[in-house]
Amino acid sequence: MIKGQAWKFGNNIDTDLIIPARYLNTSHPKELAMHAMEDADPKWISKMQKGDFIVAGENFGCGSSREHAPIALKAAGVRAVIAKSFARIFYRNAINIGLPILECPEAAQEIKAGDTLEVNLADGEIKNITSKMIYHAQPFPPFMQKIIKAGGLINQLKSTK
Amino acid sequence: MGQTISEKILAKHAGRKEVEPGQLIECKVDLVLGNDITAPPAIKEFERIGVKRVFDRKKIYLVPDHFSPAKDIKSAQQIKMMRDFAKKYKIVNFFEIGCMGIEHVLLPEIGAIRPGELIIGADSHTCTYGALGTLSTGVGSTDMAAAMATGRVWFKVPEQLKFVYTGKLAKWVEAKDLILYTIGKIGVDGARYMSMEFTGPVIRKLSISGRLTMANMAIEAGAKNGIFAADEKTNAYLRKVHAGKGIIYRSDSDAAYKRVYEWDVSKIEPQVALPHLPSNTKPVSKCKKIKINQSVIGSCTNGRIEDMRVAAKVLKGKRVHRDLRLIILPGTQEIKLQMMKEGLMETFIKAGAVVSTPTCGPCLGGHMGILAEGERSIATTNRNFVGRMGHPESEVYLSNVAVAAASAIAGRIVSPRDL
């Protein structure tokens, strides 16, 4: 069970907002994390705490294929991203690198900024401690659960090699 | 049940007779691509897998195009990592700057792409190759790493969308306008996770260059891929670039589409996508009094020789507005050479433009034309997100080549018709 605070963002949060291209001359997770969400909210990185959640609208992570985006969020300490929907490449990348993502339109709609959330990644249950609401995210197909359980695609490949 | 081109290509590469939307399948890939931003993390992940060789040293393409020629020390390190990796694993297709270009302009031009192939690239605009009847899609660095080791990748079979364009395009209306118009209609997630198949009489007349422009921006509607049925134009192009024939698939008449859009595009004007989404489109005539500081012509969307010819047609004998910078980025060295032969370089330089070496450069706010706070650029690129070309308080307006060239002369957004 993981507990943390919700940070709200809108629809179509693109990968340039998550990690601007001007910082992509490195792929070092810690360096990337320093600039996570910078063009959406330059102060966010100094306000957020390790273990917090991002809660966003439709099409989170649209745009570029840069894996640096989920890497930056994971390295910044984001425990999971809850959104109404995810853009295709971001969705793949998050699973492949082990950033938990939860697709749950109701939760993404109703959770307010600053709410305290408790999330069970195993069954996708999202508990809003502040509002006392409980939501259930779409479960991942078994095929993807295997990748997630292995800790990402590369670890899974290594274990089956 | 009939199958679409995209479904047929996926089925073939998964070793199945047919596939249906939602299925998870594992496919063989014909080509794996990476650039100087995405390949370095992929290389690190590849080394972690612990295999001794890549799946096929001729099918991996490494193109340093985003921050090259290396813009700073860190970028130089990234490119060096690619170069060393290519040497270590004897990867044939690494492109030094003397023979490079913007990856999605370069690969079709050197005959690396054929119809019926399945291609992945660690770059979202890998969908460009759908113009040749190829299923190509963007992935991240980890997928690239896994595919370099195994030659395989997993896919969810996408739902299918069909777009039918009828009528006749007006003067100065280009392929870019068709795709901006489409994204304006369906939104930046209107094709999220789906295939977009482009058809109709207007498409049949469209050049391969124009089809590459349209397929390139399928991702801006959230699509997995954009695709065109290969035809006589495709075959002529493949012959010209010595690509070989490939396998030509057609969608069955009873193929299932989630939705079919049909538009008569005779009356559409050149389109402009206002900040900060490619779907925020308006006809150019509705963009009044928008002063601009910069115009960028080029990129994987509009950096081909055909685009350069359109720009030259508008700029010939004219001068760029004195308060404005015009930056022209040819897609490849070959295109730059052709521009010299045709006298386009002279036209551009005399008009007051700068012509760069091939690079993604300012399109993603990398280098070679970054915007200051409060500045505006019109650009033939593909994204106008916040901070895309520089300062988070700058703005990007997307347009076709003719509008970007005309606007460079006027100093504000105009149609070439209004010059």
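Each chain gets a letter, A, B and so on, in the order the sequences are listed, and its residues count up from 1.
When all heavy atoms are compared, the tightest approach of B:Pro392 to A:Arg22 is CG-NH2, 4.0 Å. Of all heavy-atom pairs between B:Ser75 and A:Asn25, the closest is OG-CB, 3.5 Å. Contact detail for B:Ser124 and A:Ser64: the closest heavy-atom pair is OG-CA, 3.6 Å.
Ranking B:Ile37, B:Leu24, B:Thr142 against chain A, the residue ahead of the rest is B:Thr142, based on heavy-atom pairs under 4.5 Å. Of the residues considered (A:Arg88, A:His68, A:Glu38, A:His28), A:Arg88 shows the highest number of contacts with chain B, using heavy-atom pairs under 4.5 Å. Annotation: maximal heavy-atom pairing with chain A below 4.5 Å, among B:Trp154, B:Tyr193, B:Phe46, B:Phe67, occurs at B:Trp154. Your options are A:Ala69, A:Gly152, A:Ala40, A:Ser85, and the one with the most heavy-atom pairs under 4.5 Å with chain B is A:Ser85. Between chain B and the options A:Ile97, A:Asn93, A:Ile89, heavy-atom pairs under 4.5 Å are most frequent for A:Ile89. Interface remark: of the candidates A:Asn11, A:Asp14, A:Asp39, A:Asp14 forms the most heavy-atom pairs closer than 4.5 Å to chain B. For the set B:Arg48, B:Gln77, B:His125, the entry with the most heavy-atom pairs within less than 4.5 Å of chain A is B:Arg48. Annotation: maximal heavy-atom pairing with chain A below 4.5 Å, among B:Ala223, B:Ala145, B:Gly390, B:Pro41, occurs at B:Pro41. When each of B:Val139, B:Asn382, B:Asp36 is scored by its heavy-atom pairs under 4.5 Å with chain A, the top score falls to B:Val139. For the set A:Ile154, A:Asn155, A:Asn96, the count of heavy-atom pairs under 4.5 angstrom toward chain B peaks at A:Ile154. Top candidate by heavy-atom pairs under 4.5 Å with chain A, chosen from B:Glu45, B:Lys74, B:Lys44, is B:Lys74.
Heavy-atom contacts from other residues, nucleotides or ligands closer than 6.0 Å to CD of A:Gln138 number 12 or fewer. For A:Lys47, the NZ atom is densely surrounded, since the number of other residues' heavy atoms within 6.0 Å is greater than 12. For NZ of B:Lys71, the number of neighbouring non-hydrogen atoms (other residues, nucleotides, ligands) closer than 6.0 Å is greater than 12. Atom CZ of B:Arg376 sits in a crowded spot, with more than 12 heavy atoms from other residues, nucleotides or ligands closer than 6.0 Å.
Atom CG of A:Leu157 and atom CZ of B:Arg152 lie 11.5 Å apart (nearest 0.5 Å). The line from CD1 of B:Ile25 to CZ of A:Phe143 is 10.0 Å long, rounded to the nearest 0.5 Å. Separating the OG atom in A:Ser65 from the CD1 atom in B:Ile219 is a distance of 8.5 Å, to the nearest 0.5 Å. Expressed to the nearest 0.5 Å, how far OG of A:Ser27 lies from CD of B:Gln78 amounts to 5.5 Å.
Using a 4.5 Å cut-off between heavy atoms, A:Ile147 touches chain B through its side chain atoms alone. Using a 4.5 Å cut-off between heavy atoms, B:Ile370 makes no contact with chain A at all. Of the two parts of A:Phe90, neither the backbone nor the side chain holds a non-hydrogen atom closer than 4.5 Å to a non-hydrogen atom of chain B. With a threshold of 4.5 angstrom between heavy atoms, A:Leu24 approaches chain B through its backbone and through its side chain. Contact of B:Thr150 with chain A is made through the side chain alone, with heavy-atom distances under 4.5 Å. Only the side chain of A:Pro141 comes within less than 4.5 Å of a heavy atom of chain B; its backbone N, CA, C and O stay farther away.
For the pair B:Arg383 (side chain) and A:Asp16 (backbone), a donor-acceptor distance under 3.5 Å is absent. In this structure, the side chain of A:Arg66 does not engage the main chain of B:Gly140 through any donor-acceptor pair within 3.5 Å.
A salt bridge is defined here as a Lys NZ or Arg NE, NH1 or NH2 lying under 4.0 Å from an Asp or Glu carboxylate O, and B:Asp143 with A:Arg92 meets this definition.
In this model, no donor atom of one side chain and acceptor atom of the other lie less than 3.5 Å apart for B:Thr38 and A:Glu67.
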